[in-house]
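Numbered from 1 within each chain, the chains take letters A, B, ... in sequence-line order.
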Amino acid sequence: MNGYEHKQVESKWQERWEKQRVSEVDLKNARDKYYMLMMFPYPSGDRLHVGHGRNYILGDALYRYLRMRGRRALNPMGWDSFGLPAENAAIQRGIHPRDWTLDNIRVMKKQFRKWGILYDWSKEITSCLPDYYKFNQWLFLQMLEKVLAYKRRAPVNWCPSCRTVLANEQVVEGACERCGTAVEQRELEQWFFRITDFADRLLAGLEGLPGWPEKVKAMQRNWIGRSQGGEIDFSLVGQFDSLAPITVFTTRPDTVHGATFLVLAPEHPLAAVLVAGHPEREAIAAWIEKVRKTPRIEREGESSPKEGRFTGAMATNGATGDAIPVWLANYVLPDYGSGAIMAVPAHDGRDLAFARQEGLPVRLVYHPEAGAVTADELKQPILHEGRIRGCGEFDGLSGGAETIQRFIAWMEKGGWGRAKVTYRLRDWLISRQRYWGTPIPVVYCDACGIVPVPESELPIELPYEVEFTGKEGNPLSRCAAFVNTICPRCKKPSRRETDTMDTFVDSSWYYLRYLSARDSQRIFDPGTAARWAPVDQYIGGIEHAILHLLYARFICRVLHDMGLVPFEEPFTNLFNQGMITRFAEKTGRVEKMSKSKGNAVSPDPLIEEMGADTERVYTLFLGPPEDEVEWSDEAVSGAYRFLHRIWRLAGRLEECPPTAPSDEALERLRHVTIQRVTRDLDRFKFNTAVAALMEFLNGLTRAVEDKTASKICCEAALDTLLQLLHPMAPHITEELWEMRGHGQSLLDTDWPVLDEAKLAREQFLLVVQVDGKLRDRIEVESVWGEKEVRLAVLQSLKVQEHLGGREVQKFVFIPGRLVNLVTRKDMPA
RNA sequence: GCGAAAGUGGCGGAAUUGGUAGACGCGCAAGCCUCAGGAGCUUGUGGUCGUAAGGCCGUGGGGGUUCGAGUCCCCCCUUUCGCACCA
């Protein structure tokens with residue numbers, strides 16, 4: 001037998017798998033279905049590195065395992081192919097985004113193939129092609145009709161570098177998540193999806209997702225940010241008493257007696273009205289404008305100074321009857337709650353700081369039970385302690401949900417307050433002022449206003465011939481052939497919407513499109529979707545914990561309400577694989593592998609030198625797949641050696657004797673390994689599965705070398721090893737399997753079955769402890785009961801030595817494992 | 001501040017869920033083989049004392065429960081991640 005030529009073997013099997021379309025699934029039959037899905041990648045111009053590889057290798061190993069376990073596994077792949085980088089490439093290099101993208105897809109597909117990854121390519125989808133985005137447009141029209149899509153003028157996040165607006169979810173610490181540029185606030189007419197209507201359902205749904213990582217659910221809860229509290233009205237007095245009262249939101253209605261002033265966000269519509277007659281109205285207006293323009297990072301930084309202006313207006317605190325001043329301040333945000341707060345300096349840190357700064361009054365509602373504090377002395381707000389004093393019927397109460405309820409009931413009775421729930425979640429801003437995205441299918445008509453494009457006219461295709469200048473404005477809006485159209489309603493000349501959709505719209509329903517990838521009439525077939533969806537196992541990076549996964553859960557509910565799918569949760573189980581890191585010379589630190597940091601490892605030379613199977617085994621062996629792991633260039637050779645040792649061993653089975661004494665031992669090891677690998681793969685523990693197979697190989701090699709097992713037994717062991725290893729190292733195992741004379745592809749064989757009886761041992765080494773310390777190991781018969789074991793243990797010289805003549809107070813016997821002889825006197829006998 | 005995780009040899013990491021801590025691999029050391037090797041093979045490898053047998057110590061720190069704790073409970077410390085002037 002020759003040495004292992006990985007190059008030949010790998011290309012041979014890759015070709016065969018492709019030719020025989022081994023991973024194509026007929027969706028008509030959904031028996032034993034298992035829909036697994038990798039988050040579809042963005043075809044960027046960068047070649048995939050081994051860090052990306054980890055994700056796909058993991059998925060492929062799972063896929064092959066499921067197949068062998070008899071599941072009808074669907075593993076499709078596609079391309080999340082709209083987005084900014086394509087457009088930037090066009091501007092920088094003069095390549096059309098479409099050509100650039102489709103080229104990148106070809107390159108990436110080749111890389112998948114070289115890793116030996118099997119996808120069902122018959123269901124491939126490409127989101128930047130009209131046969132896909134047509135249904136984005138269809139979905140948009142449905143949502144427009146149900147008023148789940150709407151356009152409004154609103155302060156929005158504008159990235160000056162990407163020259164487009166961003167969704168709230170795409171702003172990270174006040175900066176654009178893509179390019180890091182500080183985001184500006186602009187007032188613009190934009191399209192939104194009404195995700196806030198679904199806030200409660202999205203929150204509640206998380207409870208029904210035991211198969212999701214706690215971390216992701218926590219992040220989503222955080223993001224939705226439900227706060228329960230009350231809404232309280234404060235009537236304006238004096239010259240403004242004819243205006244509607246100011247409504248504030250608070251989580252602490254129980255502190256209303258301590259509200260000594262009100263604060264509006266400077267952007268609050270009432271602000272301009274209240275200061276209109278103010279002697280310094282111009283200065284105040286200028287200040288409001290300044291606050292409005294302040295980038296969010298500065299405004300929302302915790303250390304940013306608080307600034308405020310008194311409007312001159314007064315309002316009545318319904319609890320005390322006092323007239324309290326109405327202020328404007330930058331620390332109140334326009335888009336949370338009602339954009340107005342009641343300030344309770346005694347019981348809120350921010351309000352206290354502002355009150356001290358501006359010399360505003362402080363009034364205690366809750367008084368500490370030990371040691372009196374006056375309002376003037378208060379340095380720290382009293383948050384969750386004390387009892388109410390000086391508030392009439394509420395005196396003596398301590399804080400908590402019940403007290404809050406009593407206050408709300410009181411306000412409701414008086415008609416100046418009510419229970420209210422507020423969310424941090426904002427509506428999803430989906431319009432982008434860029435070319436490379438799904439055109440929003442509406443027309444602006446001078447006579448008819450906003451007119452949806454009729455379904456029959458879909459898709460509204462992106463024009464190929466446009467100019468990429470990189471200057472302000474969407475290239476689409478400069479394309480007359482696209483913009484100029486006629487109104488579908490009145491047939492008069494009108495203009496098309498030139499904004500395109502956020503690419504997260506594309507990815508919010510793609511998992512359903514795989515199931516009807518070639519259907520040109522419908523977004524997907526509801527029957528097939530009901531049978532195959534939801535996705536059983538979704539695999540992807542934690543970076544999508546909020547954005548993509550929240551949007552997909554939202555759109556799934558929209559589709560559910562439309563009667564298109566019978567479920568509300570698209571992904572039953574979610575797995576977040578960890579990143580691969582490596583030392584980066586540029587920064588001198590261990591960082592996430594990336595091209596820009598210069599620490600990426602290309603799979604090409606690695607596959608060339610040691611083979612894809614080596615990369616696969618090493619990647620899976622590296623550590624728990626959900627953990628971040630550091631790549632080691634040296635350690636790869638361990639996997640390489642492992643595979644070569646299998647190859648060499650396969651050529652030595654002829655040396656084995658026809659009969660041998662310890663077949664049971666090898667047979668036992670075989671079944672132990674089946675048990676371990678099966679359990680490990682069920683729990684995604686590929687690292688320990690590989691370790692178990694290495695141990696198996698070590699044991700088998702020993703048996704062959706020492707000639708302690710028969711040929712038949714060794715052959716059975718090798719066959720099992722090949723089957724168990726196949727998900728991790730598919731090429732070499734297929735080749736050896738074929739060389740062993742098996743006709744069928746390993747992929748189509750049944751996963752080895754565990755025979756529990758084979759795990760039994762006649763004798764085993766019993767661990768013997770004296771007073772909890774390991775003192776000896778003695779060989780005992782498995783059938784022995786406590787009496788026989790005790791007798792044997794007491795005969796051990798080592799045990800006798802450590803007992804030192806003391807009496808055994810207690811004899812702990814754990815069958816099949818250990819005994820513990822306790823001599824301590826303090827033990828109750 | 002709120003929330004989610006995690007701390008085990010020189011390194012990556014195991015530990016059947018309360019029962020032999022350090023599996024497996026990398027690295028390192030010694031030896032074998034080879035014209036040579038960045039190939040292969042064998043043996044060893046937590047610390048410490050000891051020629052050895054063996055002893056003692058050891059899973060971030062401190063307590064506790066238990067015959068027995070990396071694992072359970074309490075209190076700290078550290079690190080990573082997410083959210084945050086959110087009322």
Which value, in whole Å, describes the distance between the [atom1] atoms of nucleotides [N] and [M]?
N     : M     : atom1 : value
B:G47 : B:U8  : C1'   : 14 Å
B:A69 : B:C56 : P     : 15 Å
B:U65 : B:C75 : C1'   : 15 Å
B:G44 : B:A6  : P     : 35 Å
B:G19 : B:C26 : P     : 29 Å
B:A5  : B:C28 : P     : 39 Å
B:U48 : B:A15 : P     : 28 Å
B:C74 : B:U66 : C1'   : 16 Å

Begin from the C-alpha positions of A:Arg775 and A:Glu801 and carry the test salt bridge (charged side-chain N to carboxylate O under 4.0 Å, His left out) through to its verdict.
CA-CA 10 Å; A:Arg775 293 307 182 190; A:Glu801 196 180 310; over 6 Å; no

Should the pair [X]-[Y] be classified as a salt bridge under the 4.0 Å nitrogen-to-oxygen rule?
X        : Y        : answer
A:Lys592 : A:Glu628 : no
A:Glu615 : A:Arg54  : no
A:Arg582 : A:Glu591 : no
A:Glu231 : A:Arg418 : yes
A:Arg221 : A:Glu207 : yes

Opposite nucleotide pairing with [N], Watson-Crick or G-U, both atom distances under 3.5 Å:
N     : answer
B:A69 : none
B:A14 : none
B:A52 : none
B:C32 : B:G40
B:A4  : B:U80
B:G46 : B:C57

Rounded distance in Å - [atom1] ([X]) to [atom2] ([N]):
X        : N     : atom1 : atom2 : value
A:Gln809 : B:G68 : CD    : P     : 13 Å
A:Glu626 : B:A5  : CD    : P     : 13 Å
A:Asn820 : B:G18 : CG    : C1'   : 13 Å
A:Ile224 : B:C86 : CD1   : P     : 19 Å
A:Met342 : B:C86 : CE    : C1'   : 15 Å
A:Asp771 : B:G19 : CG    : P     : 20 Å
A:Arg350 : B:G1  : CZ    : C1'   : 11 Å
A:Asp335 : B:A84 : CG    : C1'   : 14 Å

Under 4.0 Å between a side-chain N/O of [X] and OP1 or OP2 of [N], yes or no?
X        : N     : result
A:Arg648 : B:G40 : no
A:Arg775 : B:G55 : yes
A:His644 : B:A39 : no
A:Thr422 : B:C86 : no
A:Lys217 : B:A5  : no

Output one letter per nucleotide in nucleotides 20-27 of chain B: B when a protein non-hydrogen atom lies under 4.0 Å from the base, S when only the sugar-phosphate is that close, - when neither is.
B--BBSSS

Does the ring of [Y] carry [X] above it, NZ/CZ under 6.0 angstrom from centre and within 45° of its axis?
X        : Y        : value
A:Lys306 : A:Phe354 : no
A:Arg309 : A:Trp327 : no
A:Arg670 : A:Phe696 : no

Could you classify B:G9 for me, syn or anti, using a glycosidic angle within 90° of 0 as syn?
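Glycosidic conformation of B:G9: syn.
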
Syn or anti for B:U17? Use the chi torsion, O4'-C1'-N9-C4 for purines and O4'-C1'-N1-C2 for pyrimidines, with syn inside 90° of 0.
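Base orientation relative to the sugar is syn.
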
When we call it a touch if two heavy atoms are under 4.0 Å apart, what does [X] touch: a base, just sugar-phosphate, or nothing?
X        : result
A:His802 : sugar-phosphate
A:Lys798 : sugar-phosphate
A:Pro624 : sugar-phosphate
A:Glu214 : sugar-phosphate

hbond_proxy A:Asn222 side chain to B:C83 base (donor-acceptor, 3.5 Å cutoff)
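Between B:C83 and A:Asn222, which were checked side chain against base, a qualifying N/O pair under 3.5 Å is absent.
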
Can a donor-acceptor pair under 3.5 Å be found between the side-chain atoms of A:Lys306 and the base atoms of B:C85?
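By the distance-only test, yes, there is a pair.
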
Would you mind reporting whether A:Asn576 and A:Glu626 have side-chain heavy atoms less than 4.5 Å apart?
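Counting from C-beta outward, A:Glu626 and A:Asn576 never come under 4.5 Å.
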
Does A:Lys685 or A:Trp223 map to a spot on RNA chain B nearer the 5' end, using the closest nucleotide for each?
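Whichever sits nearer the 5' end wins; that is A:Lys685.
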
Residue closer to the 5' end of RNA chain B, A:Arg702 versus A:Tyr423 (nearest nucleotide):
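The 5'-side residue here is A:Arg702.
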
Walk me through it: do A:Trp631 and A:Tyr618 pass the test ring-ring contact (aromatic ring centres under 6.0 Å, His included)?
CA-CA 10 Å; A:Trp631 182 269; A:Tyr618 173 64; 4.9 Å; yes

Which nucleotide in the set B:G13, B:A87, B:A4 lies at the smallest distance from any side-chain heavy atom of A:Val629?
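Per side-chain heavy atoms of A:Val629, the pick is B:G13.
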
